[in-house]
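Note sheet for the following structure.
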Amino acid sequence: MVGSIEAKSLLSNGSVQQNGLNLEEKLDEFRRLLGKSDKDPLRIVSVGAGAWGSVFAALLQESYGGFREKFQIRIWRRPGRAVSRSTAEHLFEVINSREDVLRRLIRRCAYLKYVEARLGDRTLYADEILKDGFCLNMVDTPLCPLKVVTNLQEAVWDADIVVNGLPLTETRQVFEEISKYWKERITVPIIISLSKGIETALEPVPHIITPTKMIHQATGVPIENVLYLGGPNIAAEIYNKEYANARICGAEKWRKPLAKFLRQPHFIVWDNSDLVTHEVMGGLKNVYAIGAGMVAALTNESATSKSVYFAHCTSEMIFTTHLLAEEPEKLAGPLLADTYVTLLKGRNAWYGQMLAKGEINRDMGDSISGKGMIQGVSAVGAFYQLLSQSSLSILHSEEKKPVAPVESCPILKTLYKILITREQSTQAILQALRDETLNDPRDRIEIAQSHAFYRPSLLDQP
């Protein structure tokens, strides 16, 4: 592929080398850390089969799947999700446009069912096509074949590493169910969460609950064994070997060896100790990506209008990070990079565009066919609820009276009225930008930087 970076080579003994590192040696090194015996494979399961969860599983399968006695990976998704006729027709076009995929399906005697589905003579199911390497949320990017399990207990009961590929809104429920299957476990699994977003809890004090915190609460797995992986990237492009990077965040015990184990020539994984704030920032950029999509659609992609919006939304994000982080300047680069890629090609920006164009509507819910869960919608509600609390009041710069932090975030307030209470149309986002009383976004940043804003209690920290 043009522009891709591929640095694998075959050694004389038949093993695969990646940028000078023998993959089998990398696998053996990580297995030793887990205390695995020679005949006991490293077992990884990805829970949830969205775009990122599926790509993550496929990347590991392609790297380590050849060492069958030492490595096993499977992916869990719920059974019974039917593939629409229109999606089946498009999938058939994708298959026939890729000779390698076409030959693979013919070899596996799997091609005929796609012909029948194209003709309307058969219904395909999401778990069925995933086995052939097709993720329902990104059928334009065929993956390698994957081992798919639809029984959750079978998938997770003996897993050494569980990858959370679920949206935030499903994470707690599924991991509470998983905890029932782990009651007799002797070893403690490692959990890597790919999920972004937050829930807000108001008792005993207002605070944020992130996916890793949910998993810790639901399963009792020590927080040092629960990590977050995220970065400024698009799942399909990572699988197509576009150069990308990510951070794995959490306790040092596992983040450093996992960063080394997960790293590939085109996918660089760094490690960081700041677990919660990286998760929160991943959810925060989704909020403003929806608004960016609306502005783009409503102004016919006006560069000027989009830059005005970007100035205001980034100032609101900076304002919010000063409440949530003791050293918010360290988050500026990662947050802006993640925001940038989401605005360019993310599903949340797409959702905002489609809403503004009238091609979808809010009654269709947050889960959109072919795209998956639009996590920015629930994040709008969570951040609004959190920043509306009077106990977090700040001094208004002009009126010199205490106000809730959300009063300094007009874009967030407008998105809440559009997406959550539905009292305003998407046009309201332009009205908010054009409000003559709107302060210079620089003023918002100065307020955040000149006050003792940081509230560790918001992250449920002492």
salt_bridge([X], [Y]) N-O dist < 4.0 Å:
{"X": "D160", "Y": "K36", "answer": "yes"}
{"X": "E301", "Y": "K306", "answer": "yes"}
{"X": "R78", "Y": "E170", "answer": "yes"}
{"X": "R247", "Y": "D274", "answer": "no"}
{"X": "K70", "Y": "D28", "answer": "yes"}
{"X": "D366", "Y": "K371", "answer": "no"}

For a quick test of reading the model, state the closest non-hydrogen atom pair linking [X] to [Y] and the distance between them.
{"X": "F134", "Y": "V139", "answer": "CD2-O, 4.4 Å"}
{"X": "H216", "Y": "P222", "answer": "ND1-C, 4.1 Å"}
{"X": "N151", "Y": "E154", "answer": "OD1-N, 2.9 Å"}
{"X": "N225", "Y": "P189", "answer": "ND2-O, 3.1 Å"}
{"X": "N164", "Y": "P211", "answer": "ND2-CB, 4.5 Å"}
{"X": "C313", "Y": "Y288", "answer": "CB-CD2, 3.4 Å"}

Is a side-chain N or O of [X] found less than 3.5 angstrom from the main chain of [Y], in a donor-acceptor match?
{"X": "R31", "Y": "D40", "answer": "yes"}
{"X": "H207", "Y": "V205", "answer": "yes"}
{"X": "R362", "Y": "I418", "answer": "yes"}
{"X": "N240", "Y": "E242", "answer": "no"}
{"X": "Y351", "Y": "G293", "answer": "no"}
{"X": "S315", "Y": "H312", "answer": "yes"}
{"X": "E316", "Y": "L412", "answer": "yes"}
{"X": "R74", "Y": "S46", "answer": "no"}
{"X": "K260", "Y": "R255", "answer": "no"}

In the structure I gave you, are the side-chain heavy atoms of [X] and [Y] within less than 4.5 Å of one another anywhere?
{"X": "T339", "Y": "L343", "result": "yes"}
{"X": "M281", "Y": "L324", "result": "yes"}
{"X": "L323", "Y": "P405", "result": "yes"}
{"X": "Y384", "Y": "K413", "result": "yes"}
{"X": "I161", "Y": "I191", "result": "no"}
{"X": "T320", "Y": "L387", "result": "yes"}
{"X": "M317", "Y": "I411", "result": "no"}
{"X": "I75", "Y": "V149", "result": "no"}

So for atom [atom1], which belongs to [X], do other residues, nucleotides or ligands contribute more than 12 heavy atoms lying within a distance under 6.0 Å?
{"X": "Q173", "atom1": "CD", "value": "no"}
{"X": "K147", "atom1": "NZ", "value": "no"}
{"X": "F310", "atom1": "CZ", "value": "yes"}

Have [X] and [Y] got a donor and an acceptor in their side chains that come within less than 3.5 Å?
{"X": "R172", "Y": "Q217", "answer": "yes"}
{"X": "E199", "Y": "Q385", "answer": "no"}
{"X": "S425", "Y": "Q427", "answer": "no"}
{"X": "T414", "Y": "Q424", "answer": "no"}
{"X": "T210", "Y": "T212", "answer": "yes"}
{"X": "E252", "Y": "S273", "answer": "no"}
{"X": "S305", "Y": "S302", "answer": "yes"}

Practice problem: Check step by step if side-chain hydrogen bond (donor to acceptor under 3.5 Å, both in side chains) holds for Q389 and S391. | Solution: CA-CA 5 Å; Q389 301 307 305; S391 60; 5.3 Å; no
Hey, could you give me the [atom1]/[atom2] distance between [X] and [Y], rounded to the nearest 0.5 Å?
{"X": "K285", "Y": "T314", "atom1": "NZ", "atom2": "OG1", "value": "15.5 Å"}
{"X": "R185", "Y": "T187", "atom1": "CZ", "atom2": "OG1", "value": "4.0 Å"}
{"X": "E176", "Y": "I215", "atom1": "CD", "atom2": "CD1", "value": "11.5 Å"}
{"X": "D271", "Y": "C249", "atom1": "CG", "atom2": "SG", "value": "8.5 Å"}
{"X": "Q61", "Y": "Q72", "atom1": "CD", "atom2": "CD", "value": "10.0 Å"}
{"X": "T87", "Y": "L136", "atom1": "OG1", "atom2": "CG", "value": "6.0 Å"}

Quiz item: Checking ring-ring contact (aromatic ring centres under 6.0 Å, His included) for the pair F261/Y64: CA distance, chi angles, key distance, verdict?
Solution: CA-CA 10 Å; F261 177 70; Y64 299 110; 4.5 Å; yes
Quiz item: For W76, which of L166, D127, I178, V163 qualifies under side chain to side chain contact (heavy atoms under 4.5 Å, CB included)?
Solution: L166
Practice problem: Assess R347 against W350: is NZ or CZ under 6.0 Å from the centre of the six-membered ring, and within 45 degrees of the ring's axis? | Solution: no
Quiz item: Given W254 and I192, is the side-chain contact (heavy atoms from CB on, under 4.5 Å) satisfied, shown in steps?
Solution: CA-CA 10 Å; W254 292 118; I192 303 172; over 6 Å; no
Quiz prompt | Pairs flagged by salt bridge (Lys or Arg N to Asp or Glu O under 4.0 Å) wherever residues 374-393 is involved - sequence neighbours left out | solution = none
Exercise. Among residues two or more places apart or on two chains, list those pairs meeting salt bridge (Lys or Arg N to Asp or Glu O under 4.0 Å) that have a residue in residues 214-232.
Key: E224-K253
Practice problem: Carefully, step by step, assess K256 and I248 under the rule side-chain contact (heavy atoms from CB on, under 4.5 Å). | Solution: CA-CA 8 Å; K256 288 188 177 296; I248 188 160; over 6 Å; no
Could you pull out all donor-acceptor pairs under 3.5 Å where a side-chain atom in residues 226-239 meets a protein atom, sequence neighbours excluded?
unit_1, atom_1, unit_2, atom_2, d
N233, ND2, G231, O, 3.4
N233, ND2, N245, O, 3.2
E237, OE2, K345, NZ, 2.8
Y239, OH, E62, OE2, 2.5
Y239, OH, C144, N, 2.9

